There are 2 protein chains.
Amino acid sequence: MTKPAAPPRRSDATKAAILDAARDRFAADGYERATIRAIARDANIDPSMVMRYYGNKEGLFVAASAIDLRLPELGALPGKHVGAVLVGHFLDRWEGDGVLTAMLRVGVTNEAGAERMRAVFAEQIGAVTAGVCPVPGEASRRAALVASQILGMALTRYVLRFGPAVEMSRDEVIAWLAPTVQRYLTAETP
Amino acid sequence: MTKPAAPPRRSDATKAAILDAARDRFAADGYERATIRAIARDANIDPSMVMRYYGNKEGLFVAASAIDLRLPELGALPGKHVGAVLVGHFLDRWEGDGVLTAMLRVGVTNEAGAERMRAVFAEQIGAVTAGVCPVPGEASRRAALVASQILGMALTRYVLRFGPAVEMSRDEVIAWLAPTVQRYLTAETP
DNA sequence: AATGTAGGCCAACGAGCGTTGACATGCCAG
DNA sequence: CTGGCATGTCAACGCTCGTTGGCCTACATT
């Protein structure tokens, strides 16, 4: 049993509204400037409700940033296209909602957020690289290289909003980044 | 005359101490959590002195992040090694002092900081790409691609401190990233 | 119908922030 | 010696924040 019998509570809707508002605010403002008062206002409830359900601001952040990158199984597809698939997946994931932007914004200014990012990327990208990396002991290093390029594009495109990075189409981004990621994943150590 | 006769003031040392402390704090904490009071304490003066010399917090940040990437003239060296030279230069620049880390931290959470980063990278990297990019109208896009990889590595290595990214040596980082940057700069459009 | 409890609001707290203006001290020109 | 300006300190302001505890309401169980 993964769920130990969950009776649907009347407050579930409220909790979800708080989480939605929190994700938006954290993504837009980062940890410090995203205030509990503003989040509560967005969710149309009192700030004290946030405390009741999530304990404190950090608890709210932890709950709001439970992240699953939802990386696809790459073992099944031709190894040559792993880079393109991975880049495309991340673009979709990043544009889907504000969770990843929030994680990036908070990870930069908050140590707990940074720790969260380290864990998410090490585990989830690491799992992928372990399957395709030609050098067994180097999977985590390859994962870091892939993360550097993907997070760098996310940073310039979705956070800093460099004009040229924003104006590139999805296909153009994939065309440029896929060979880079492919090389980081599958090339021999230089 | 670039300097209209500057008599050395006794307060120059204090101003410099404030700027040093500000850079450290902005780099370590980001814009919101770097307080004027803490900066003043580091510089061993009263917070009101910061206001006197820099007007307000944003003025202090602007003064503390007057950035010159000091990119070398790349025209003189063989085109094949432009990528490696550029990556190496940025690693030096990033490890030299906290200015770039501060700029990155602040740029992520503060719109004025983001604007500053856009300007710095567009002008200074753009100037380099304009000289080596094979497609005339694409220099700014190439600059954005280069920035995405370089900022991504800076993010994972110096801000988020991913284990594997931190443990790589300078030469290893260059060996992996140089071909990427080289391709972004000089390859034909894919 | 009575009652316990979960859901929600309101007012207030203590702390820290950026910022201000009045006041003390030292230096140099006249 | 004296005045004025640069340098620096001190105490306070108004504000916003995270957080707390008391109180009200409505539903579900008995």
Side-chain angles (χ1 to χ4, degrees), chain A residues 4-65 102 105-106 109-113, chain B residues 4-65 102 105-106 109-113:
Chain A
R9 306 223 173 251
R10 199 156 43 91
S11 61
D12 288 348
T14 301
K15 288 185 186 175
I18 294 175
L19 279 191
D20 278 352
R23 277 190 266 263
D24 286 349
R25 284 285 173 178
F26 282 134
D29 298 336
Y31 188 81
E32 325 294 336
R33 295 199 325 194
T35 67
I36 287 190
R37 288 166 139 98
I39 290 168
R41 205 178 314 126
D42 288 355
N44 283 313
I45 47 92
D46 189 86
S48 64
M49 297 303 296
V50 177
M51 309 302 296
R52 187 193 287 277
Y53 290 133
Y54 298 101
N56 54 29
K57 188 176 181 178
E58 184 162 332
L60 173 62
F61 169 67
V62 170
S65 58
R105 273 220 160 84
V106 176
T109 48
N110 183 272
E111 176 51 29
Chain B
R9 306 221 173 255
R10 197 158 45 93
S11 61
D12 288 348
T14 301
K15 288 185 186 175
I18 294 175
L19 279 190
D20 278 352
R23 275 190 266 264
D24 287 349
R25 282 286 174 177
F26 281 134
D29 298 336
Y31 188 81
E32 326 292 336
R33 296 199 323 193
T35 69
I36 287 190
R37 288 166 137 95
I39 291 167
R41 205 178 313 126
D42 289 356
N44 283 313
I45 46 92
D46 190 87
S48 64
M49 296 304 293
V50 178
M51 311 302 296
R52 187 193 290 276
Y53 289 132
Y54 297 102
N56 54 30
K57 188 176 182 178
E58 184 161 333
L60 173 62
F61 169 67
V62 170
S65 59
R105 275 218 160 85
V106 175
T109 47
N110 182 274
E111 176 51 27

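Both backbone and side-chain heavy atoms feed into the values below; hydrogens, waters and symmetry mates do not. Computed from a prediction, not measured in an experiment: that's the story for all the values here. First the proteins, then the strands, lettered A, B, ... as listed; each starts at 1.
- The CD1 atom of B:I18 sits 9.5 Å away from the CD1 atom of B:I36 when rounded to the nearest 0.5 Å.
- In this structure, the CD1 atom of A:I45 is 12 Å from the P atom of C:dC10, given to the nearest Å.
- For A:R25 and D:dG18, the CZ to C1' distance is 16 Å, given to the nearest whole Å.
- Within the cation-pi definition used here (under 6.0 Å to the ring centroid, within 45° of the axis), A:K15 does not qualify as a partner of A:Y54.
- Residue-to-nucleotide proximity on DNA chain D shows that, of B:M49 and A:R33, the 5′-proximal contact is made by B:M49.
- In terms of position on DNA chain C, the residue among B:E32 and A:Y53 whose nearest nucleotide sits closer to the 5' end is A:Y53.
- Distance B:K15 NZ to D:dT7 P: 7 Å, rounded to the nearest Å.
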Could you list, one pair per line, each protein nitrogen or oxygen that sits under 3.5 Å from a nitrogen or oxygen of nucleotides 19-27 of chain C, together with the distance?
unit_1 : atom_1 : unit_2 : atom_2 : d
C:dT19 : OP2    : B:K57  : N      : 2.9

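- Per the geometry, CZ belonging to A:F61 stands 15 Å off P belonging to D:dT19, to the nearest Å.
- Between B:D42 and B:R25 there is a side-chain heavy-atom pair separated by less than 4.5 Å.
- Contact check for A:L19 versus A:R23: side-chain heavy atoms found under the 4.5 Å cut-off.
- With rounding to whole Å, A:I39 atom CD1 is found 12 Å from D:dC17 atom C1'.
- You'll find the side chain of A:R33 reaches within 4.5 Å of the side chain of B:N110, heavy atoms only.
- In this structure, A:T14 reaches the C:dG8 phosphate: one of its side-chain N or O atoms is under 4.0 Å from OP1 or OP2.
- In this structure, B:R41 places its CZ atom 11 Å from P of C:dG18, rounding to the nearest Å.
- Classified by interplanar angle (parallel below 30°, tilted 30° to 60°, perpendicular above 60°), the ring pair A:F26/A:F61 is perpendicular.
- Rounded to whole angstrom, the span from the CD1 atom of A:I18 across to the C1' atom of D:dG18 amounts to 15 Å.
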